[in-house]
Amino acid sequence: MNSILGNVHSYESFGTVDGPGLRFVVFLQGCPLHCLYCHNPDTWNPDAGMKVRAEDVVEKIEKCRSYLRNGGVTLSGGEPLLQPEFCLDILLRLRALGLHTALDTAGSIPLSQSAPVIDAADMLLRDIKALDPDDCRRLTGQGNENTLSTLAYCEKTNKRVWVRHVLVPGLTLDTRKLKVLADYLKPFTCVERVELLPFHKIGEYKWRELAIPYALTDTPETTPAQLAEAQALFR
């Protein structure tokens, strides 16, 4: 089949935090969300990055295939679903090779565009920014309607899901909000685990380099005690 052209930001050959096992991670360029705590704002511009063909991406992955037997490949970003045709091409080629695949996505793209890509992946790493739509708009610049619709679609299609949620003091690190999120997620049989991620500022320097105002300079990072308390709540 003809190979689709897409924009890639970067690669990580031996990822250990982006799905089960050892993984090859492809970070795609472009994201419709501008999260206040984003540590890769250099991925936002959809026209930046490297122009590559899907078959060339898969060829690069094949060179590491022997290391991926107990892991697989994760398409991340940016927002990978912003390039649905490119992602689908990659996923179908990887399926033909027998490699496990995951999409690391906020689910911010309408299902009319994203559903075929979701269907082609073995699992999703679902980043839920905030359950309250106003909180979500404050954090990302957009609401969460597509995010919640995507999770409902995963439930309907029995798609394996790991949920991720960043704990930002003063924003998402709030006992009441966390309880509401836990209650919301509890009925979803597709959700295998919830990963609560501590807020950090290791990417703040990128905002300065890109001359983008960083709103969380004075926000403290999540402490181990706060993380443990939130994890206990979800358990």
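Note that the structure is a prediction, hence the values are computed from the model and not measured.
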Is it true that a side-chain atom of Trp207 and a backbone atom of Cys38 form a donor plus acceptor pair closer than 3.5 Å?
yes
Tell me, which pairs form a salt bridge (charged side-chain N to carboxylate O under 4.0 Å, His left out) where one or both residues lie in residues 31-45, sequence neighbours left out?
Asp42-Lys206
So ring-ring contact (aromatic ring centres under 6.0 Å, His included) across residues 113-140, not counting sequence neighbours, yields none
With sequence neighbours left out, write down each residue that passes side-chain hydrogen bond (donor to acceptor under 3.5 Å, both in side chains) with Thr223, or none if nothing qualifies.
Gln226
Whether the side chain of Glu79 engages the backbone of Pro32 through a donor-acceptor N/O pair (distance < 3.5 Å, no angle test) should be reported.
no
For Thr217, enumerate each residue passing the side-chain hydrogen bond (donor to acceptor under 3.5 Å, both in side chains) test, keeping only those at least two apart in sequence or located in another chain.
Glu204
Summary of ring-ring contact (aromatic ring centres under 6.0 Å, His included) pairs that have at least one residue in residues 53-106, sequence neighbours excluded:
Phe14-Tyr67
Backbone N/O of Gly21 and side chain of Asn70: donor-acceptor pair under 3.5 Å
no
Measure the shortest side-chain to side-chain distance between Asn146 and Pro110 over non-hydrogen atoms and say whether it is less than 4.5 angstrom.
yes
At their closest point, which heavy atom of Ala215 faces which heavy atom of Leu36, and how far apart are they?
CB-CD2, 4.3 Å
Which atom names give the shortest non-hydrogen contact between Gly77 and Pro80, and what distance separates them?
N-CD, 4.1 Å
Ignoring hydrogens and geometry, is there a side-chain-to-backbone donor-acceptor pair from Gln29 to Asp47 under 3.5 Å?
no
Just to verify, what does Gln142 make a side-chain hydrogen bond (donor to acceptor under 3.5 Å, both in side chains) with, not counting sequence neighbours?
none
Under the side-chain hydrogen bond (donor to acceptor under 3.5 Å, both in side chains) rule, collect the residues that match up with Asp119, sequence neighbours excluded.
Tyr153
Would you call Val191 and Leu151 a side-chain contact if the rule is heavy atoms closer than 4.5 Å?
yes
Going by the rule salt bridge (charged side-chain N to carboxylate O under 4.0 Å, His left out), which residues pair with Asp132 if we only count those two or more places apart in sequence or in a different chain?
none
Give me the ring orientation class for His34 and Trp44: parallel if the planes are under 30° apart, tilted from 30 to 60°, perpendicular past 60°.
parallel
Is there side-chain contact between Phe24 and Lys63, with heavy atoms separated by less than 4.5 Å?
no
Counting only pairs under 3.5 Å, give me each side-chain donor-acceptor contact of residues 179-190, with atom names and distances, residues two or more places apart or in other chains.
unit_1: Thr189; atom_1: OG1; unit_2: Glu155; atom_2: OE2; d: 2.9

Heavy-atom closest contact (Ala54 atom, Ile90 atom, distance):
CB-CG1, 3.7 Å
Donor-acceptor check, side chain of Thr222 to backbone of Pro198, threshold 3.5 angstrom: yes or no?
no
Minimal non-hydrogen separation, Pro46 against Asn7, with atom names
O-ND2, 2.6 Å
Do you know the tightest heavy-atom contact between Gly107 and Thr150?
O-OG1, 3.3 Å
For Asn144 against Ala130, the heavy-atom pair lying closest together:
ND2-O, 3.1 Å
Can you tell me if Gln113 uses its side chain to pair, donor with acceptor, with the backbone of Leu81 under 3.5 Å?
no
Evaluate the side-chain contact (heavy atoms from CB on, under 4.5 Å) criterion for residues Phe199 and Thr219: first the C-alpha distance (whole Å), next the side-chain angles of each, then the deciding distance (0.1 Å), finally the verdict.
CA-CA 9 Å; Phe199 163 68; Thr219 300; 3.8 Å; yes
Is there a donor-acceptor pair closer than 3.5 Å between any side-chain N or O of Arg53 and the backbone N or O of Ile4?
no
Taking side chain as C-beta onward, heavy atoms only, is Ile61 less than 4.5 Å from Leu68?
yes
Hey, does Asp89 have a side-chain heavy atom less than 4.5 Å from the side chain of Arg93?
yes
For a quick test of your reading: what N or O donor-acceptor pairs under 3.5 Å do the side chains of residues 160-176 make, sequence neighbours left out?
unit_1: Arg160; atom_1: NE; unit_2: Glu192; atom_2: OE1; d: 2.8
unit_1: Arg160; atom_1: NE; unit_2: Glu192; atom_2: OE2; d: 2.9
unit_1: Arg160; atom_1: NH2; unit_2: Glu192; atom_2: OE1; d: 3.4
unit_1: Trp162; atom_1: NE1; unit_2: Glu192; atom_2: OE1; d: 3.1
unit_1: Arg164; atom_1: NE; unit_2: Glu195; atom_2: OE1; d: 2.8
unit_1: Arg164; atom_1: NH1; unit_2: Asp104; atom_2: OD2; d: 3.0
unit_1: Arg164; atom_1: NH2; unit_2: Val17; atom_2: O; d: 2.2
unit_1: His165; atom_1: ND1; unit_2: Ile128; atom_2: O; d: 2.8
unit_1: Thr172; atom_1: OG1; unit_2: Val166; atom_2: O; d: 2.5
unit_1: Thr172; atom_1: OG1; unit_2: Val168; atom_2: N; d: 2.7
unit_1: Asp174; atom_1: OD1; unit_2: Arg176; atom_2: N; d: 3.0
unit_1: Asp174; atom_1: OD1; unit_2: Lys177; atom_2: N; d: 2.9

d(Thr43 OG1, Phe27 CZ) to nearest 0.5 Å is 9.5 Å
Using side-chain heavy atoms (C-beta onward) and a distance below 4.5 Å, is Pro20 in contact with Met123?
yes
So, taking the atom named SG in Cys87 and the one named CG in Leu28, what distance separates them when rounded to the nearest 0.5 Å?
5.0 Å
Begin with the C-alpha distance, continue with both residues' side-chain angles, and end with the deciding distance and a verdict on salt bridge (charged side-chain N to carboxylate O under 4.0 Å, His left out) for Asp56 and Lys60.
CA-CA 6 Å; Asp56 295 330; Lys60 183 182 289 286; over 6 Å; no
Pairwise salt bridge (charged side-chain N to carboxylate O under 4.0 Å, His left out) hits with a residue in residues 137-151, at least two apart:
Asp134-Arg137
Are Tyr11 and Leu103 in one and the same hydrophobic cluster, where Ile, Leu, Val, Met, Phe, Trp and Tyr link if side-chain heavy atoms are under 4.5 Å apart?
yes
Output, in order, the C-alpha distance, side-chain angles, deciding distance and verdict of side-chain contact (heavy atoms from CB on, under 4.5 Å) for Leu5 and Val52.
CA-CA 6 Å; Leu5 192 69; Val52 295; 5.6 Å; no
With sequence neighbours left out, which residue pairs that include part of residues 120-129 fulfil the salt bridge (charged side-chain N to carboxylate O under 4.0 Å, His left out) condition?
Asp127-Lys129
Quick one: does any side-chain atom of Thr101 pair with a main-chain N or O of Leu91 as donor and acceptor, under 3.5 Å?
no
Mind checking whether Val58 and Leu99 sit in one hydrophobic cluster, side chains of I, L, V, M, F, W, Y counted as touching below 4.5 Å?
yes
With the side chain counted from C-beta on, respond yes when Thr105 and Leu124 share a heavy-atom pair under 4.5 Å apart, and no when they do not.
yes
